[in-house]
**Student:** 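Here you go, one structure.
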Amino acid sequence: MNSSVGSYSFSYWEKEAYFSEVDLIVVGAGIVGLNAALSFKELRPSATVVVLERGMIPQGASSRNAGFACFGSVSEICDDLESMEVSSVLSTLKMRLDGLRMLKSRVGDDLLQYQPCGGVEVFRTKEDMSMYVDRLHELNQYIESATGLKHTYEYKKAQQSDIAIIRKAGGYIFNKHEGLLHPGMMMTALESQCRDNNIRIYYGCQVEACEDDGAKVLCHIHGGAITTRSLLIATNGFASHLLDDLEVQPVRNQVLITSPMAANPLSAGYHFNKGYVYFRPVGDRILIGGGRHLNKDGEQTSQFGMTDEIKNYLINFLQAHILNGQKPEIDMEWSGILGVGKTKDPIVKMTGPRTGIAVRMGGMGVAIGSMIGKSAAQMIHDAVD
C-alpha cells in the first residue's frame with residue numbers, strides 16, 4: 001500500500017513564498033505572542049516574523065476572558081501576601097500597571113473600548129469584609145511605594161440602590177484603578193498592527209515539536225518542518241504540550257453571559273472570593289465567570305468545556321446576589337484556559353540557544369501580556385544577536 005496517499009507536505013512554491021528566511025517564529029497568537037512579534041519588529045524592522053496559531057482565531061484565554069484590566073482585588077492581594085514575599089507581590093503589581101499602560105499606549109483606549117469605571121469587591125457578610133477593610137491603609141501604602149498610585153482602595157457603605165450582596169454586607173471595597181475592556185477588539189487591533197508591520201499570522205497551524213540545534217530551529221507542523229533563526233513559545237496554559245518539566249498548570253475558567261435586560265444593576269467590574277468569581281456589565285447584559293474553587297482538581301485541564309456544577313453555581317449566584325431572586329436568562333457560555341503556577345511570576349527564559357518561552361500569566365494576561373511580550377522579544381533579540 002502506498003503510504004503517501006492522503007498525506008500532505010508543502011510544495012516548493014509554498015516553502016519559498018511563506019516560510020523562506022524566517023528570523024522569528026512565535027508560537028501562539030495571544031496577547032503575549034502578538035506583542036512579542038510587534039516588539040521584535042521594533043527591534044529588527046527588517047526581520048521576517050511569523051506567528052503560528054493552532055486555532056482559527058487566538059485560542060486560549062486572550063479573547064476568552066472577562067475583559068477586566070486585572071489590577072487586582074484586596075482579597076486577592078492579601079492572599080498573595082500569605083504565599084509570596086512582599087517584594088514579589090509589589091513587583092507583580094507594578095508589572096500589571098506597566099503592562100496596562102503599554103497595552104493602552106499600543107492599542108488605544110478607543111479600540112480597547114476601555115472603561116475606567118473602577119472595581120468593586122463584594123463579600124457575603126460584614127464580618128467577611130471587615131478583616132480586609134482593616135488592611136486598606138497598609139495595602140494602599142504598599143501600592144503607593146511600588147507604583148506611585150495613591151489611595152487605590154476605599155471602603156464604601158452600601159446604598160439602597162446597590163445590588164443585594166452589597167446591601168447584605170453593608171458595603172464594599174472600591175478600587176479606582178480597575179477598568180474594563182473588550183478582549184476581542186483588543187486582539188483584532190493587535191492583529192491589524194501585525195499585518196501593518198508585515199508580520200505573518202497563520203491560523204489553524206498546530207506546532208507538534210521543535211528542535212534547536214544551536215544554528216537554527218526546526219519547527220514541526222502538519223505538512224513538514226519550518227526553519228527559523230529563532231523561536232518563541234507563547235502558548236501559556238498549553239505550553240506543556242511542547243515542553244516537558246515546565247511549571248505551568250493549565251486551568252479552565254468558565255464564563256456565562258445573559259441575554260439583554262431592561263435594566264442592568266451593574267456599573268463596574270466586580271470581584272468576589274479572592275477573584276474566584278467575577279462579574280461585570282456588557283452593555284445591557286451581565287457577564288459572570290469563575291467558580292473553579294468548587295473543583296480545583298477538575299478544572300486543572302487544558303480541555304475547553306462547561307460543567308453543570310460550576311454553571312449552576314454561577315447562575316444561582318446571579319439570581320441570589322445580583323438580580324434580587326430573578327432567574328437570569330443565559331444567552332452564551334464558554335471557557336478559557338489559563339496558565340498558572342505556585343507563584344504569579346511569569347516564566348520568561350531561554351530553553352535553548354535560539355528558543356525562548358514566555359508563559360504562565362497567572363490569570364493576569366490582559367494586564368501583563370504586553371510587557372511580557374516585549375521582554376521576551378528583547379530576550380530573543382539579545383540571545384541571537
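Computed from a predicted structure; not experimentally measured.
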**Student:** When you compare the side chain of T355 with that of C210, does any pair of heavy atoms fall below 4.5 Å?
**Tutor:**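 Side-chain contact under 4.5 Å: no.
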
**Student:** Are the side chain of S230 and the backbone N or O of D23 linked by a donor-acceptor pair below 3.5 Å?
**Tutor:**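 Such a contact is found between S230 side chain and D23 backbone.
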
**Student:** Has S63 got a side-chain atom pairing as donor or acceptor with P58's backbone, closer than 3.5 angstrom?
**Tutor:**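 The answer is yes, because a donor-acceptor pair under 3.5 Å joins these two groups.
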
**Student:** Do C194 and V49 touch side chain to side chain, with heavy atoms closer than 4.5 Å?
**Tutor:**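 When only atoms from C-beta onward are counted, V49 and C194 do not touch, as no gap falls below 4.5 Å.
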
**Student:** So which heavy atom on M187 is nearest to which on S62, and how close?
**Tutor:**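 Residues M187 and S62, closest heavy atoms: SD-CB, 3.7 Å.
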
**Student:** Heavy-atom count check: over 12 atoms from other residues, nucleotides or ligands less than 6.0 Å from D385 CG?
**Tutor:**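 Check passes, neighbour count above 12.
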
**Student:** Which heavy-atom pair separates G275 from S73 by the least distance, and what is that distance?
**Tutor:**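 Reported closest heavy-atom pair: N-OG, 4.3 Å.
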
**Student:** Around atom CD of Q300, are there more than 12 heavy atoms of other residues, nucleotides or ligands at under 6.0 Å?
**Tutor:**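 Atom CD in Q300 is packed in, count exceeds 12.
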
**Student:** So, for V51 and G28, which heavy atoms are closest and what is the spacing to 0.1 Å?
**Tutor:**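 Shortest heavy-atom contact: CG1-O, 3.8 Å.
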
**Student:** Please answer whether the main-chain N or O of R354 pairs with a side-chain N or O of D212 as donor and acceptor at a distance below 3.5 Å.
**Tutor:**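 Indeed, once roles are kept as given, a pair shorter than 3.5 Å links the two residues.
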
**Student:** So Q319 and P328, do their side chains get closer than 4.5 Å, heavy atoms only?
**Tutor:**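 Side chain of P328 against side chain of Q319, heavy atoms only: contact under 4.5 Å found.
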
**Student:** Run L34 and E191 through side-chain contact (heavy atoms from CB on, under 4.5 Å) and show every step you take.
**Tutor:** CA-CA 7 Å; L34 296 189; E191 290 172 320; 3.8 Å; yes

**Student:** Any chance you could lay out the side chain to side chain donor-acceptor pair (under 3.5 Å) test for N140 and E144, step after step, and finish with the verdict?
**Tutor:** CA-CA 6 Å; N140 282 336; E144 184 175 355; over 6 Å; no

**Student:** Find out whether P346 and I368 are in side-chain contact, i.e. whether some heavy atom of one side chain is under 4.5 Å from a heavy atom of the other.
**Tutor:**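 Result yes, sub-4.5 Å side-chain heavy-atom pair found.
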
**Student:** Are I322 and L256 linked, directly or through intermediate hydrophobic residues, by side-chain heavy-atom contacts shorter than 4.5 Å (ILVMFWY only)?
**Tutor:**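 Linked, L256 and I322 end up in one cluster.
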
**Student:** Can R195 and S192 be said to form a side-chain contact (heavy atoms from CB on, under 4.5 Å), step by step?
**Tutor:** CA-CA 5 Å; R195 287 192 294 270; S192 179; 3.8 Å; yes

**Student:** Shortest non-hydrogen contact from E247 to I347?
**Tutor:**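 Where E247 meets I347 most closely, the heavy atoms are O-CD1, 3.9 Å.
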
**Student:** Is any side-chain heavy atom of R106 closer than 4.5 Å to a side-chain heavy atom of Q193?
**Tutor:**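 Counting from C-beta outward, R106 and Q193 do come under 4.5 Å.
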
**Student:** Consider only side-chain heavy atoms of I, L, V, M, F, W and Y, link residues closer than 4.5 Å, and tell whether L287 and L338 are in one cluster.
**Tutor:**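 No; L338 is not reachable from L287 via cluster members.
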
**Student:** If the plane angle is over 60° it's perpendicular, under 30° parallel, otherwise tilted; pick one for F19 and F10.
**Tutor:**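 The arrangement is tilted - the two ring planes meet at 30° to 60°.
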
**Student:** Flag the pair R229 and E21 as a salt bridge only when some basic side-chain nitrogen lies within less than 4.0 angstrom of an acidic carboxylate oxygen.
**Tutor:**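 Looking at R229 and E21, the cut-off is met.
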
**Student:** Just wondering, more than 12 heavy atoms not from Q113 lying within 6.0 Å of its CD?
**Tutor:**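 It does: Q113 CD has more than 12 such atoms within range.
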
**Student:** Does a sphere of radius 6.0 Å around NZ in K15 hold more than 12 heavy atoms from other residues, nucleotides or ligands, not counting ones at 6.0 Å or beyond?
**Tutor:**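 Yes, NZ of K15 has more than 12 neighbouring heavy atoms, counting only those of other groups under 6.0 Å.
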
**Student:** Do V348 and L24 share a hydrophobic cluster (ILVMFWY, side-chain heavy atoms under 4.5 Å, transitive)?
**Tutor:**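 Same cluster.
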
**Student:** Give a yes or no on this: more than 12 heavy atoms of other residues, nucleotides or ligands lie within 6.0 Å of atom OH of Y203.
**Tutor:**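 Check passes, neighbour count above 12.
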
**Student:** Are I199 and V27 grouped together when hydrophobic residues (ILVMFWY) are joined by side-chain heavy atoms under 4.5 angstrom apart?
**Tutor:**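 Per the 4.5 Å side-chain linkage, I199 and V27 are not co-clustered.
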
**Student:** Check whether Y155 and V120 end up in the same hydrophobic cluster, where Ile, Leu, Val, Met, Phe, Trp and Tyr are linked by side-chain heavy atoms less than 4.5 Å apart.
**Tutor:**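 No; V120 is not reachable from Y155 via cluster members.
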
**Student:** Students often mix this up, so state it plainly: with edges at 30° and 60°, are the rings of F317 and Y313 parallel, tilted or perpendicular?
**Tutor:**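 It falls in the tilted class, 30° to 60°.
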
**Student:** Considering only heavy atoms from C-beta outward, does the side chain of M350 approach that of M379 to under 4.5 Å?
**Tutor:**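 Heavy-atom side-chain distance check passes, below 4.5 Å.
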
**Student:** Can you tell me how the ring of F238 sits relative to the ring of F304, calling it parallel under 30°, perpendicular over 60° and tilted otherwise?
**Tutor:**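 Aromatic pair F238/F304 classed tilted.
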
**Student:** Is any side-chain heavy atom of V22 closer than 4.5 Å to one of T227?
**Tutor:**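 Answer no - side chains too far apart.
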
**Student:** Which is it for N324 and R167 under the side chain to side chain donor-acceptor pair (under 3.5 Å) test, yes or no, and what are the steps along the way?
**Tutor:** CA-CA 11 Å; N324 293 318; R167 296 198 308 272; 3.2 Å; yes

**Student:** Distance-only, no hydrogens or angles: does the S20 side chain make a donor-acceptor pair with backbone N or O of A17 under 3.5 Å?
**Tutor:**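 A pair under 3.5 Å: no.
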
**Student:** In terms of relative ring orientation, are Y276 and H293 parallel, tilted or perpendicular, with 30° and 60° separating the classes?
**Tutor:**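 Rings of Y276 and H293: tilted, as their planes differ by 30° to 60°.
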
**Student:** Between N236 and V32, is the side-chain contact (heavy atoms from CB on, under 4.5 Å) condition met? List the steps.
**Tutor:** CA-CA 9 Å; N236 200 24; V32 175; over 6 Å; no

**Student:** Quick check: do L139 and T152 have side-chain heavy atoms less than 4.5 Å from each other?
**Tutor:**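 Heavy-atom side-chain distance check fails, nothing below 4.5 Å.
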
**Student:** So for atom NZ, which belongs to K176, do other residues, nucleotides or ligands contribute more than 12 heavy atoms lying within a distance under 6.0 Å?
**Tutor:**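 Yes, the 6.0 Å shell around NZ holds more than 12 heavy atoms from other groups.
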
**Student:** Would you check if the side chain of S375 reaches a backbone N or O of M371 as a donor-acceptor pair within less than 3.5 Å?
**Tutor:**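 Side chain of S375 to backbone of M371, a donor-acceptor pair under 3.5 Å: yes, one is there.
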
**Student:** Working note: H220 + E211, criterion side chain to side chain donor-acceptor pair (under 3.5 Å); need CA distance, chi angles, decisive distance, verdict.
**Tutor:** CA-CA 8 Å; H220 294 275; E211 299 176 46; 2.6 Å; yes

**Student:** Do Y172 and Y270 have ring centres separated by under 6.0 Å?
**Tutor:**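 Distance test on ring centres: not under 6.0 Å, no.
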
**Student:** M261 vs L323, test: side-chain contact (heavy atoms from CB on, under 4.5 Å). Steps then yes/no.
**Tutor:** CA-CA 11 Å; M261 298 178 296; L323 298 178; 4.2 Å; yes

**Student:** Can you sort out the partners of D331 under side chain to side chain donor-acceptor pair (under 3.5 Å), two or more places apart, ordered by chain and number?
**Tutor:**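 Counting only residues at least two positions away or on another chain, D331 forms a side chain to side chain donor-acceptor pair (under 3.5 Å) with R285.
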
**Student:** If you draw a 6.0 Å radius around CG in D213, do more than 12 non-hydrogen atoms from other residues or ligands fall strictly inside?
**Tutor:**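 Enclosed.
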
**Student:** Apply the side-chain hydrogen bond (donor to acceptor under 3.5 Å, both in side chains) test between Q254 and each candidate in R292, K311, E299, E333; give the one that qualifies.
**Tutor:**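 Considering R292, K311, E299, E333, a side-chain hydrogen bond (donor to acceptor under 3.5 Å, both in side chains) with Q254 is found only for E299.
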
**Student:** With salt bridge (charged side-chain N to carboxylate O under 4.0 Å, His left out) as the criterion, how do K344 and D80 come out once you've worked through the C-alpha distance, each side chain's angles and the decisive distance to 0.1 Å?
**Tutor:** CA-CA 8 Å; K344 288 192 174 180; D80 290 343; 3.2 Å; yes

**Student:** Are the side chain of R54 and the backbone of Q59 linked by a donor-acceptor contact shorter than 3.5 Å?
**Tutor:**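 Here the side-chain-to-backbone pair does not exist.
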
